[in-house]
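See below for the structure under consideration.
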Amino acid sequence: MNSKSFRKPTLNYNVRDRCVDRMALSTVTLNKRAYRIGMTNGSGLTNGNGLTNGNGLTNGNGLTNGNGLTNGNGLTNGNGLTNGNGLTNGNGLTNGNGMTIIRMGGNIRKNRSISKKRSMVNRNRKERSLVILVILGLILAPLTLYLIFDFNVENTIQIDGEFDDWSSTPAFADATDDQQIHDLNIQECKLEKDDKLVSFYVRVKGRLFNNIFFTSKSTDTSRDSGTLRIFIDNDQDQDTGYSFYGLGADYLIEINGFKGMVKEAYLMEFDPSARISTDLRPGNDWNGWVSTNSVKAKCVDNKLETQAILLSGSVIQAKVHLMDSVGNFDMSDVTLSSEPGALLIKQQPVAPNELRVNTDPVPDPTKTSSITNYKMLELTLESYCEDIQIDSIGFNHDARLYEDNEIVSFPITIKRSKPRTLMVKSQLPTGLTTGDVFSLETVDAQVDKGTVTITGTGAKSYVNTVPEDIRIDGLFEDWVGVEKIDDVDETPLRDPNVDISSYAVVEGKSELSFYLDVEGAVLAGTELPTMPYIYKPWKDNFKSSSSSVSVGTNEEHTLPDLPVITGEDTVYIFLDTDNDHNTGYSPDWFPIGADYMIDIKGQDGSVSASGYYKFNGDDKQVEWSWGESLGTVQAAVDKSQFESQISLDNLDADNGASVYFHIVDWKDKGDYSDEPILILGQTEKENLESPPGTRAPTYLVLNEIYPSDSDNAVEWIEVTNPTGSAKGYSSGTDIYDIYNVNKAWEIYTFTADIASAGFLSTGDIDSGTEDGITEGDTIQLRDGTNTVIDSITIGSIFDTNSFTRYKDGVGDPYDTNSVNDWYEESSKTEGSANTQTIPEFPALLLPVGSFLFLMALVSKRRRW
């Protein structure tokens with residue numbers, strides 16, 4: 001073979017071949033020197049001080065065949081980096097086309113004609129290659145370890161839209177008929193957990209993220225987005241995390257879907273310090289959630305699976321919540337658990353309204369055998385996934401459980417999908433008296449595995465009889481005889497829970513009691529004070545408001561502190577304790593000038609906070625400006641009804657008050673009562689009601705009123721003075737005024753006295769833009785101490801007639817505080833005496849007698 005042909009292979013090796021020391025080619029046989037100087041068994045990386053069989057990474061203390069990366073769960077011979085598709089005997093860098101032994105046409109040729117200069121160049125290239133390899137190793141080592149320890153997790157559940165891998169996982173079944181919208185109706189949920197991953201499966205009756213908005217009031221089908229949320233409690237501590245139906249949720253998987261597909265999915269963590277500078281967030285503050293990572297999620301038709309990396313405790317618990325774009329939702333009936341098994345306890349009150357006992361107060365039941373065991377509750381117990389052993393069930397009072405009239409002895413076992421019904425009976429505790437309330441409810445249960453979910457309400461009953469006075473106890477039989485004002489809206493509110501149906505106020509000897517009824521459930525609130533889906537910046541962005549952070553773009557943004565957002569509904573009760581529209585909280589549209597405000601918050605039908613506040617702004621203030629809470633207020637709820645009470649000692653209401661109701665949800669949307677209610681107050685003058693037989697008053701009275709339904713028409717009110725001295729304005733110290741309760745409007749303030757037997761007309765009181773007096777308005781005459789002296793409620797309005805007071809027999813105003821004191825007058829007598837006298841008995845006797853005579857005559861003719 002000539003030299004030219006001998007050199008040809010040497011000239012054609014590729015870039016990788018150039019990295020090899022030319023001296024390794026000086027002999028066809030690998031002699032001792034070549035073996036030592038090269039990259040394999042010399043001072044290189046294999047059997048010397050390198051990475052194989054020495055102190056390196058193979059078979060030594062390294063990562064191969066030991067605790068390392070080869071033949072274990074590592075990166076060699078598996079799907080790793082050695083004999084698979086990796087870096088050793090595959091297409092890698094060692095015995096393939098790599099850097100150690102170069103294959104050149106299948107033979108190793110000896111080339112003694114290579115120049116010393118080129119050999120040195122190649123040696124430098126070899127050294128540079130070694131440096132590059134070391135640098136690459138340093139860079140790739142952390143990444144390799146991260147991949148090994150964070151993602152190379154064996155898990156049977158794959159998020160791929162194929163659901164056969166869920167077939168062996170126990171299912172937490174869900175009610176099939178608790179949501180009429182099939183796309184929201186959860187049918188079953190599943191949960192799988194290992195050391196690092198948690199996986200969930202959800203199946204609905206219809207099609208996921210295709211929910212059609214439907215209510216009885218609308219047929220809108222244009223909205224089909226939705227959000228599925230999974231609240232996860234990883235420490236089984238209700239006092240940590242977000243409060244959600246008995247869970248203290250530490251994590252939240254939030255999946256937003258649209259048109260049957262998953263759009264976005266995030267893992268969130270509840271961080272009480274998230275973006276708030278002054279204090280930790282409460283457990284019901286939605287803005288405590290911050291995003292920590294994205295999660296895998298796949299939706300196919302009516303099924304969804306999702307998976308997240310979650311370094312959790314040994315057992316996790318979870319609740320699944322599915323909501324459409326307008327707020328319709330369904331939630332898993334029970335709390336899911338990674339420890340299979342769940343117990344559902346449904347409690348139903350069966351107690352009578354009144355528990356009859358023979359004595360008052362109730363005697364000690366341990367000493368008296370005549371006290372009856374009252375049936376209070378019915379419990380339905382149902383287990384999921386596994387049979388559940390119950391070791392005990394706890395109540396707020398001593399109680400016994402019966403099954404088929406036999407006392408139940410614990411422990412008992414509830415077979416999977418085989419519900420059992422138990423009756424709960426209780427004796428009354430000592431110390432109760434007639435009119436008191438006895439309540440019984442289930443508070444907990446001890447089980448051998450899984451979770452416990454308690455639903456329904458407890459039982460409440462009066463002892464012996466309903467009390468005569470109003471008591472704030474959550475029972476409303478004491479309100480049955482109270483006259484209530486119906487609240488009528490032209491258009492019903494979208495949320496019936498904040499749509500007022502009726503309201504009332506009762507003034508006791510030393511307290512004011514308030515009643516409110518809504519169309520839905522009062523103080524229901526929401527556990528999700530958010531839109532169906534809302535973007536949350538990442539957790540690292542939830543820092544101080546003074547820091548600038550990047551939020552999804554290259555731009556810098558300063559994030560302000562997030563407000564506290566809770567899902568509570570609020571009942572506001574405004575009180576105008578001086579009946580002056582010009583003082584207190586009084587924006588233009590507000591019907592009163594509120595001097596005090598009662599604020600009662602609640603959620604899930606329970607009162608969470610209450611207080612009352614005094615207005616601390618300026619007169620005619622339109623800004624929301626209230627001082628610190630002056631104390632708590634009694635309040636209670638039962639389904640749609642609300643009651644509250646406050647002592648008059650806590651209010652400056654000696655001269656009466658007007659009461660106005662307002663109820664709102666967490667979005668500040670709600671309803672107002674149609675009109676304020678006037679409370680006369682305890683300093684009402686005794687002569688407001690005339691003594692029996694008295695026909696003529698001894699104080700000023702309203703004498704004639706001319707209202708009109710026509711805009712811009714003249715309207716006026718006349719007052720007369722039947723007393724023996726001038727009244728109405730005495731050196732500015734006793735100024736009378738005329739007030740419209742319904743509009744909270746001071747119609748007229750006296751500027752002079754009315755002489756004895758004199759008259760005063762207000763003149764035109766129409767505002768020019770609307771009627772000054774309309775049908776149903778209550779007109780009051782009040783003295784300088786704001787005490788109501790006279791009052792009349794306007795009935796049907798006739799533009800040509802006035803409301804006029806009768807005169808008695810001697811011409812004085814006839815006043816018995818009755819609507820019968822008034823008549824309609826076609827010939828208006830503004831500024832002068834009225835024309836008609838109250839009909840006396842003789843005048844009434846003739847028409848009545850004539851009527852009776854005619855009836856008798858007709859009856860006699862029929863007998864003929």
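One is the number of the first residue; the rest follow in order along the sequence.
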Q. Does a donor on one side chain and an acceptor on the other come within less than 3.5 Å for S199 and Q307?
A. yes
Margin query: Any donor-acceptor pair under 3.5 Å linking the side-chain atoms of N185 with those of Q187?
Written below: yes
query = Where the side chain of D569 meets the backbone of G602, is there a donor-acceptor pair that is under 3.5 Å apart?
reply = no
| said: Using a strict threshold of under 4.0 Å (side-chain N to carboxylate O), is an ion pair present between K449 and E339? | reply: no
Taking E192 for the side chain and V198 for the main chain, is one N or O donor matched with an acceptor at less than 3.5 Å? no
**Q.** Under 3.5 Å: donor-acceptor pair, side chain of Q641, backbone of L516
**A.** no
Q. Taking the side chain from D324 and the backbone from G226, do they hold a donor-acceptor pair closer than 3.5 Å?
A. no
message = S606 vs D604, test: side chain to side chain donor-acceptor pair (under 3.5 Å). Steps then yes/no.
response = CA-CA 6 Å; S606 298; D604 198 25; 5.9 Å; no
query = Does the side chain of D250 come within less than 4.5 Å of T240's, by heavy atoms?
reply = yes
For V437, the side-chain contact (heavy atoms from CB on, under 4.5 Å) test, sequence neighbours excluded, returns K460, Y462, D473, L475
Looking at Q179 and I181, would you say the former's side chain and the latter's main chain have a donor-acceptor pair under 3.5 Å? yes
Separation between CG (L381) and NZ (K346), nearest 0.5 Å, reads 11.0 Å
Would the distance check show the side chain of T451 and the main-chain N or O of A342 forming a donor-acceptor pair, the cut-off being under 3.5 Å?
no
Listed pairs under 3.5 Å, donor-acceptor, residues 390-401 side chains, sequence neighbours left out:
from : atom 1 : to   : atom 2 : distance (Å)
D391 : OD1    : Q389 : NE2    : 2.9
N396 : OD1    : E441 : N      : 2.9
N396 : ND2    : S439 : O      : 3.4

### Task
Please work out which of the three classes, parallel, tilted or perpendicular, describes the rings of Y242 and F270, given edges at 30° and 60°.
tilted
Separation between OG (S608) and CG (L523), nearest 0.5 Å, reads 7.5 Å
**OP:** Show the numbers, then the answer: is there a side chain to side chain donor-acceptor pair (under 3.5 Å) between E568 and T566?
**Re:** CA-CA 6 Å; E568 297 160 314; T566 62; 3.0 Å; yes
* To do: Might you work through the side chain to side chain donor-acceptor pair (under 3.5 Å) test for T335 and Q317, ending with a clear yes or no?
  => CA-CA 6 Å; T335 300; Q317 298 177 352; 5.9 Å; no
Check whether any side-chain N or O of S243 sits under 3.5 Å from a backbone N or O of G283 as a donor-acceptor pair, and report yes or no.
-> no
For a side chain to side chain contact (heavy atoms under 4.5 Å, CB included) check, start with the C-alpha distance between K319 and I230, then their side-chain angles and the critical distance, and finish with the verdict.
CA-CA 6 Å; K319 289 284 263 186; I230 304 174; over 6 Å; no
Is the backbone N or O of L247 less than 3.5 Å from a side-chain atom of D233, with the two atoms forming a donor-acceptor pair by type?
-> no
- Message: Keeping D387 on the side-chain end and R416 on the backbone end, is there a donor-acceptor pair under 3.5 Å?
- Response: yes
- Query: Do I345 and T453 touch side chain to side chain, with heavy atoms closer than 4.5 Å?
  - Reply: no
Note to self: Under the criterion salt bridge (Lys or Arg N to Asp or Glu O under 4.0 Å), I'd like the reasoning laid out for R203 against E188: C-alpha separation, chi angles, the key distance, then a yes or no.
What the structure shows: CA-CA 6 Å; R203 178 173 64 86; E188 66 177 4; 3.3 Å; yes
Salt bridge (Lys or Arg N to Asp or Glu O under 4.0 Å) with R420: of E382, E403, E378, only one passes, and it is E403
Assign the ring pair W166 / Y201 to parallel, tilted or perpendicular, where the plane angle (0 to 90°) is split at 30° and 60°.
tilted
Q: Show your working on side chain to side chain contact (heavy atoms under 4.5 Å, CB included) between S337 and V315 and close with a plain yes or no.
A: CA-CA 7 Å; S337 174; V315 176; 3.8 Å; yes
#### Entry: Worked verdict on K298 versus L304 for side chain to side chain contact (heavy atoms under 4.5 Å, CB included)
CA-CA 6 Å; K298 185 73 173 179; L304 178 142; over 6 Å; no
Tell me, do L379 and V424 make a side-chain contact under 4.5 Å, heavy atoms counted? yes
Any side-chain heavy-atom pair from I232 and L252 closer than 4.5 angstrom? no
Notebook entry, point to check: Using 30° and 60° as the class limits, which term best fits the ring planes of H662 and Y672: parallel, tilted or perpendicular?
Noted result: parallel
All heavy atoms of D174 vs all of S332, minimum pair found to be OD1-CA, 3.1 Å
*Check: I157 main-chain N/O paired with D165 side-chain donor or acceptor under 3.5 Å*: no
With C299 as partner, the option from T306, L208, L228, V202 fulfilling side chain to side chain contact (heavy atoms under 4.5 Å, CB included) is L208
I'd like to know whether W624 forms a ring-ring contact (aromatic ring centres under 6.0 Å, His included) with Y572, so could you lay out the CA-CA distance, the side-chain angles of the two residues, the decisive distance to 0.1 Å, and finally the verdict. CA-CA 13 Å; W624 188 263; Y572 294 106; 5.6 Å; yes
Less than 4.5 Å apart, any side-chain heavy atom of I316 and any of L191?
-> yes
Tested for side chain to side chain contact (heavy atoms under 4.5 Å, CB included) against V518, the lone hit among I663, V571, L493 is I663
How about L310 and L197: do any of their side-chain heavy atoms sit closer than 4.5 Å? no
Decide if the gap between the ring center of F172 and the ring center of Y384 is smaller than 6.0 angstrom.
-> no
*Side-chain touch L562/I276, heavy atoms, less than 4.5 angstrom*: no
(message) Looking only at the side chains, is there a donor atom on one of E269 and T292 sitting less than 3.5 Å from an acceptor on the other?
(response) no
OG1 of T632 to OH of Y612, rounded to nearest 0.5 Å, is 8.5 Å
Any side-chain heavy atom of K669 sitting closer than 4.5 Å to one from D495?
-> no
- Are the aromatic rings of F231 and H321 close, with centres under 6.0 Å apart? no
> Hey, mind stepping through F476 and E643 against side chain to side chain contact (heavy atoms under 4.5 Å, CB included) and telling me if it holds?
Replying inline: CA-CA 8 Å; F476 289 83; E643 61 181 352; 3.5 Å; yes
